[in-house]
Asks: 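This is the structure, below, for whatever I ask next.
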Amino acid sequence: MTLWGGRFTQKLDDLAWALNSSLPVDQRMAIQDVDGSIAWADAIHKAGILSDEEHASISLGLDTVRKEFASGQFIFLPSDEDIHTAVERRLSELIGPAAGKLHTGRSRNDQVATDFRLWMLQTIPELHSAFRLLHSALIEQAELAGETVMPGYTHLQRAQPILLAHWWLSHFWALKRDVERLQDLTKRVSVLPLGSGALAGAPFSVDRNALAKSLGFAEVSQNSLDAVSDRDFAAEYLFVCSMAAVHLSKLAEQVVLFTTAEFGFFELSDAFSTGSSLMPQKKNPDVFELTRGKAGTLIGLLTGLMSTLKGLPSTYDKDLQEDKAPVFAATDTLLAILPVMAAALRTITVKPERMRGAIDSTMMATDLADYLVAKDVPFREAHSLAGKAVRAAGEAKARMEELPLEAYQAIGPFEADVYQVFDPLESINKRNTVGGTSLQSVKNQISKIKGE
Ligand code: ARG
């Protein structure tokens, strides 16, 4: 049974049928389809389309269909073109011809957009919880890090010493924005298209606001043409997922780097590492590499949907059927990555001595310039004099703190206290502004995060 046979004399070609059918994808919205249908039955009952008896029978039947889905007992038939057809077909098996009244005033165009939005509204909190797991892992690591120092990098070149805690938290803030974006997106998802019909609106006095309320939508769409074709929320959702994946890949990339023998800052637990079938010594960070790799896949899903949407004539076009698979795939990917990343991050063993050992005293050259600034040397000149000191140490094949005082004094107005500049923790604690790397600033970050 299709929902549209009347004007046709031939049945759809088998291959065309297979291409057209969306059931393998949209059956994931089964519960939402039933819920939307129950609410629609209520609305057209109130509008006088369904008698009390028909309404009761449809509601009861849909309730049974819902239970069948929830318990995994629903049986799809090869003739079910999509989830909407499957639900209506089953309803008619259960209650007979009255089922045929349910679709009055409704189109699969407003129906599918409603199902999809409902599904997303119910999925966002799930994603949110998964993000929270990762947030706590990062905060936990930041708290454990205490006063551990590490080199901070720009251009992946050693730049200035920082606290490891500051580094962990830098990833927290990025991933917190992702959750904020999800929350912000919710208000654009929470707009009810049902009641827009195929494109022009419903011909009965359906109370769309009551409908929205019963389904948990914050508002109703204001233009039926826009409502049946608007997939901004899906594109935006994919952007939010992609942005999060980019953040995760950045974190993953650094974990991969930090676990190399060359860096040796981190060690992964065996539970989150894999071996090589050939090289017995290998311990590979696959979990992190996959996270990095999947960011590419997610960006592909976003650009895929954007390309599908580009240039579509209004209103509903079957191209729009391509909207759900990328959203489902992005969701599954993130829901797979986030808990594993959270667990894997928690088990990382930090090597503070390796991190401290990677801080060489030239990384305090900025502090050396600041030292001169404190002696009233203009920063431009101080920068140049500190640069000369770096060069002198290089030429003498000595560390900055090994260069004799005379050598410093030959360069600029340095005094015996100059050597204090080369303590990384001193350098770190000087960066005490809001958002700086000092111990105090990092403590403040943590209390701000926890207080929220
Ligand atoms: N399977 C379709 C989709 O996902 C449902 C809407 C079908 N509408 C139609 N006019 N054929 O978009």
Side-chain angles (χ1 to χ4, degrees), residues 26 28-67 69-70 83-84 87-88 91 98-99 101-129 181-234 236-237 315-316 323-324 327:
D26 59 29
R28 192 159 168 170
M29 307 186 304
I31 296 286
Q32 291 77 15
D33 196 72
V34 176
D35 288 346
S37 296
I38 293 174
W40 184 247
D42 292 347
I44 57 173
H45 172 231
K46 278 191 215 127
I49 307 297
L50 296 181
S51 68
D52 292 348
E53 211 174 285
E54 289 162 341
H55 176 230
S57 158
I58 289 177
S59 302
L60 212 66
L62 285 171
D63 226 42
T64 306
V65 178
R66 198 182 197 283
K67 284 195 188 107
F69 279 124
I83 188 62
H84 325 296
V87 170
E88 207 176 311
L91 183 65
K101 291 205 169 183
L102 170 63
H103 209 57
T104 317
R106 183 177 71 164
S107 156
R108 282 181 296 169
N109 297 353
D110 57 349
Q111 189 179 355
V112 75
T114 302
D115 293 0
F116 197 17
R117 285 170 183 266
L118 259 184
W119 178 90
M120 199 175 279
L121 286 175
Q122 287 159 11
T123 303
I124 287 173
E126 227 183 292
L127 270 177
H128 195 158
S129 314
R181 264 186 281 270
L182 264 184
Q183 278 162 342
D184 184 64
L185 156 73
T186 304
K187 63 173 179 275
R188 280 175 296 283
V189 184
S190 195
V191 181
L192 177 82
L194 200 58
S196 299
L199 75 160
F204 314 107
S205 55
V206 167
D207 183 349
R208 296 190 64 218
N209 288 312
L211 199 49
K213 209 160 164 224
S214 72
L215 286 170
F217 282 87
E219 45 181 326
V220 301
S221 57
Q222 297 297 316
N223 181 304
S224 61
L225 305 178
D226 178 43
V228 295
S229 59
D230 170 14
R231 295 295 183 276
D232 298 6
F233 68 97
E236 207 177 330
Y237 179 90
T315 55
Y316 181 83
D323 59 355
K324 285 167 286 298
V327 165

Asks: Using the rule side chain to side chain contact (heavy atoms under 4.5 Å, CB included), only one of Val34, Val112, Asp35, Thr114 pairs with Met29; which is it?
Replies: Val112
Asks: If you round to the nearest 0.5 Å, how far is NZ of Lys101 from OG of Ser51?
Replies: 6.5 Å
Asks: With a 3.5 Å distance limit and no angle check, can you tell me whether Ser205 reaches the backbone of Ala47 through a side-chain donor-acceptor pair?
Replies: no
Asks: What is the distance from atom CE of Met120 to atom CG of Leu127, rounded to the nearest 0.5 Å?
Replies: 9.5 Å
Asks: Are Asp52 and His45 packed together at the side-chain level, in the sense that at least one heavy-atom pair is separated by less than 4.5 angstrom?
Replies: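 Yes, close enough: below the 4.5 Å cut-off.
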Asks: Side-chain contact test, heavy atoms from C-beta onward, threshold under 4.5 Å: evaluate it for Trp40 versus Leu211 and give yes or no.
Replies: yes
Asks: Please find the pair of heavy atoms, one from Ile124 and one from Val189, that lie closest to each other, and give the distance.
Replies: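 Scanning both residues completely, I find the closest heavy atoms to be CD1-CG2, 4.4 Å.
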Asks: Can you spot which of Arg181, Lys187, Arg188, Arg117 makes a salt bridge (charged side-chain N to carboxylate O under 4.0 Å, His left out) with Glu236?
Replies: Arg188
Asks: Indicate yes or no for a side-chain donor-acceptor contact from Ser190 to the backbone of Thr186 under 3.5 Å, with no hydrogens or angles considered.
Replies: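 The answer is no, because no donor-acceptor pair under 3.5 Å joins these two groups.
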Asks: Which distance, rounded to the nearest 0.5 Å, do you find between the CD of Glu88 and the CG of Leu62?
Replies: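 Interatomic distance, Glu88 CD to Leu62 CG, rounded to 0.5 Å: 9.5 Å.
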Asks: Quick check: closest heavy atoms across Ala113 and Arg231, and the distance to 0.1 Å?
Replies: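 Heavy atoms only, the tightest pair is CB-NH1, 4.0 Å.
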Asks: Just so I know, are the side chains of Asn109 and Pro193 near enough to count as touching, which here means a heavy-atom distance under 4.5 Å?
Replies: no
Asks: Which atom pair, heavy atoms only, marks the closest approach of Ala212 to Val220?
Replies: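 Smallest heavy-atom distance, with atoms named: CB-CG1, 3.7 Å.
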Asks: Between Ser37 and Arg106, does the side-chain contact (heavy atoms from CB on, under 4.5 Å) criterion hold? Intermediate values first, please.
Replies: CA-CA 10 Å; Ser37 296; Arg106 183 177 71 164; 3.0 Å; yes
Asks: Tell me the closest heavy-atom pair linking Asp232 and Asp230, and the distance in Å.
Replies: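 Taking every non-hydrogen atom into account, N-OD1, 2.7 Å.
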Asks: Indicate yes or no: at least one non-hydrogen side-chain atom of His103 is less than 4.5 angstrom from one of His84.
Replies: no
Asks: Going by the ring-ring contact (aromatic ring centres under 6.0 Å, His included) test, which pairs reach into residues 185-233, not counting sequence neighbours?
Replies: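 Residue pairs passing ring-ring contact (aromatic ring centres under 6.0 Å, His included), neighbours aside: Phe116-Phe233.
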Asks: Strictly below 4.0 Å, N to O, side chains only: are Asp42 and Lys46 in salt-bridge contact?
Replies: no
Asks: Return the minimal non-hydrogen interatomic distance between Ala202 and Gly105, and the atom names on each side.
Replies: CB-O, 4.1 Å
Asks: Rounded to the nearest 0.5 Å, how far apart are NZ of Lys324 and CG of Asp26?
Replies: 6.0 Å
Asks: To the nearest 0.5 Å, what is the distance between CD1 (Ile49) and CG (Leu102)?
Replies: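 These two atoms lie 12.0 Å from each other.
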Asks: At what distance, to the nearest 0.5 angstrom, does OG1 of Thr315 lie from CG of Asn223?
Replies: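 That separation rounds to 10.0 Å.
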Asks: Which heavy-atom pair separates Leu194 from Gly36 by the least distance, and what is that distance?
Replies: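 Heavy-atom minimum between the residues: CD2-O, 4.0 Å.
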Asks: side-chain contact (heavy atoms from CB on, under 4.5 Å) for Leu50 and Ile58? Distances and angles first, verdict last.
Replies: CA-CA 9 Å; Leu50 296 181; Ile58 289 177; 3.8 Å; yes
Asks: Taking the side chain from Ser196 and the backbone from Val228, do they hold a donor-acceptor pair closer than 3.5 Å?
Replies: no
Asks: Test your reading of the model: is there a side-chain donor-acceptor pair from Asp110 to the backbone of Ser107, 3.5 Å cut-off?
Replies: yes
Asks: Quick one: sort the Tyr237 and Trp119 rings into parallel, tilted or perpendicular, breaks at 30° and 60°.
Replies: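 It falls in the perpendicular class, over 60°.
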